[in-house]
Amino acid sequence: MPKIICYLICGALFLGLGAVPEEVQFAHAVDSDKCDSKPDKDELDGEKKLSKFMREKLSSSQLVLEGLMIEDYDKMQKGAKKMIEMSNATEWQVIEGPIFARQSEEFRSAARQVIKFAKEKNIDGASLSYLHLTMTCINCHKKVNKVLISER
């Protein structure tokens, strides 16, 4: 059973998180008036800050994964706690509204489950909770990207 969970987690990371580009790229809708215009400096600075923030979140996620792989329950808890803290930061609020708020709460709930199972030293529960946490990231990114594309 633990081998299957390990394969599921690694597969989810490979498909969802492992293929993150060096810089987060934001889609710009094609508008004939703006085809040759470049994003302004404030927009580029915001994108760089968001990219840095998301990389920190990814590092916290990797800390949880490392904890799972070596059964270090303190690492699992530390990474999940950092992810919860980050989800309460203003940088996290890319889009306002009930859908994004619900996504954020589901993310925090999954991270709390990782912490709960890590405290109980339940590797299977922590693994499944981490998989759920990863899926909340992927689902939210899909929704946020759709909104960002439609707003541009």
Side-chain angles (χ1 to χ4, degrees), residues 4-29 39-152:
I4 292 170
I5 292 170
C6 180
Y7 291 136
L8 286 173
I9 291 171
C10 291
L13 284 175
F14 177 74
L15 292 173
L17 297 175
V20 176
E22 190 60 35
E23 285 291 324
V24 174
Q25 298 294 319
F26 290 90
H28 297 277
D40 63 16
K41 185 180 183 324
D42 289 339
E43 187 178 351
L44 288 175
D45 288 344
E47 289 177 5
K48 285 184 181 181
K49 285 180 184 175
L50 182 59
S51 177
K52 182 179 180 197
F53 181 83
M54 296 309 280
R55 288 222 169 264
E56 288 178 34
K57 187 181 91 166
L58 182 58
S59 293
S60 297
S61 176
Q62 290 168 338
L63 185 62
V64 175
L65 179 61
E66 181 182 348
L68 287 167
M69 294 301 110
I70 60 174
E71 292 191 42
D72 184 329
Y73 298 99
D74 290 332
K75 280 188 181 187
M76 291 177 219
Q77 290 180 62
K78 183 179 176 184
K81 285 178 184 175
K82 178 69 175 171
M83 293 171 83
I84 292 170
E85 288 171 17
M86 292 181 76
S87 75
N88 290 314
T90 55
E91 294 91 346
W92 181 270
Q93 305 303 319
V94 177
I95 298 170
E96 293 182 23
I99 293 173
F100 187 72
R102 194 170 32 251
Q103 291 278 350
S104 293
E105 184 48 43
E106 186 177 352
F107 173 84
R108 285 188 286 272
S109 176
R112 285 191 294 270
Q113 285 296 103
V114 171
I115 293 167
K116 173 189 174 284
F117 286 117
K119 284 180 179 176
E120 295 172 359
K121 299 195 183 322
N122 179 338
I123 192 71
D124 292 334
S127 298
L128 289 173
S129 296
Y130 178 72
L131 184 57
H132 181 225
L133 179 66
T134 303
M135 293 308 297
T136 65
C137 292
I138 293 167
N139 289 333
C140 187
H141 279 248
K142 288 189 321 190
K143 285 183 176 146
V144 168
N145 286 336
K146 283 181 184 176
V147 170
L148 289 176
I149 289 170
S150 69
E151 287 181 352
R152 299 213 179 216

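Note that the coordinates shown come from a computational prediction; the quantities given were computed from them, not determined experimentally.
A salt bridge links Lys116 to Glu120: one of the charged nitrogens lies within less than 4.0 Å of a carboxylate oxygen. A salt bridge links Glu105 to Arg108: one of the charged nitrogens lies within less than 4.0 Å of a carboxylate oxygen.
To the nearest 0.5 angstrom, Arg112 atom CZ is 11.5 Å from Leu133 atom CG. In this structure, OG1 in Thr134 is found 9.0 Å from CZ in Phe107, a value given to the nearest 0.5 Å. Going from atom CG of Leu63 over to atom CD of Gln77 covers 11.0 Å, rounded to the nearest 0.5 Å. Distance check, rounded to the nearest 0.5 Å: CD of Gln103 to NZ of Lys142 gives 10.0 Å.
Between Lys82 and Ser60, the closest heavy-atom pair is CG-OG, 3.0 Å. Of all the heavy atoms in Ala118 and Ala126, the pair that sits closest is N-CB, 4.4 Å. Nearest approach of Ile123 to Glu71, heavy atoms of both residues: CD1-CG, 3.8 Å. Nearest heavy atoms, Ala111 versus Ala80: O-CB, 3.7 Å.
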What's the verdict on side-chain contact (heavy atoms from CB on, under 4.5 Å) for Glu106 and Asn139, showing C-alpha distance, side-chain angles and the deciding distance? CA-CA 11 Å; Glu106 186 177 352; Asn139 289 333; 5.9 Å; no

Test side-chain contact (heavy atoms from CB on, under 4.5 Å) on Met83 and Val114 and set out the steps. CA-CA 11 Å; Met83 293 171 83; Val114 171; over 6 Å; no

For the pair Leu68 and Met76, evaluate side-chain contact (heavy atoms from CB on, under 4.5 Å) and give the outcome as yes or no after the intermediate values. CA-CA 7 Å; Leu68 287 167; Met76 291 177 219; 3.7 Å; yes

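Side chain of Ser87 to backbone of Ile84: a donor-acceptor contact under 3.5 angstrom is found. At distances below 3.5 Å, not a single donor-acceptor pair connects side-chain atoms of Ser61 with backbone N or O atoms of Lys57.
Within the 4.5 Å cutoff, the side chain of Gln113 has no heavy atoms near those of the His132 side chain.
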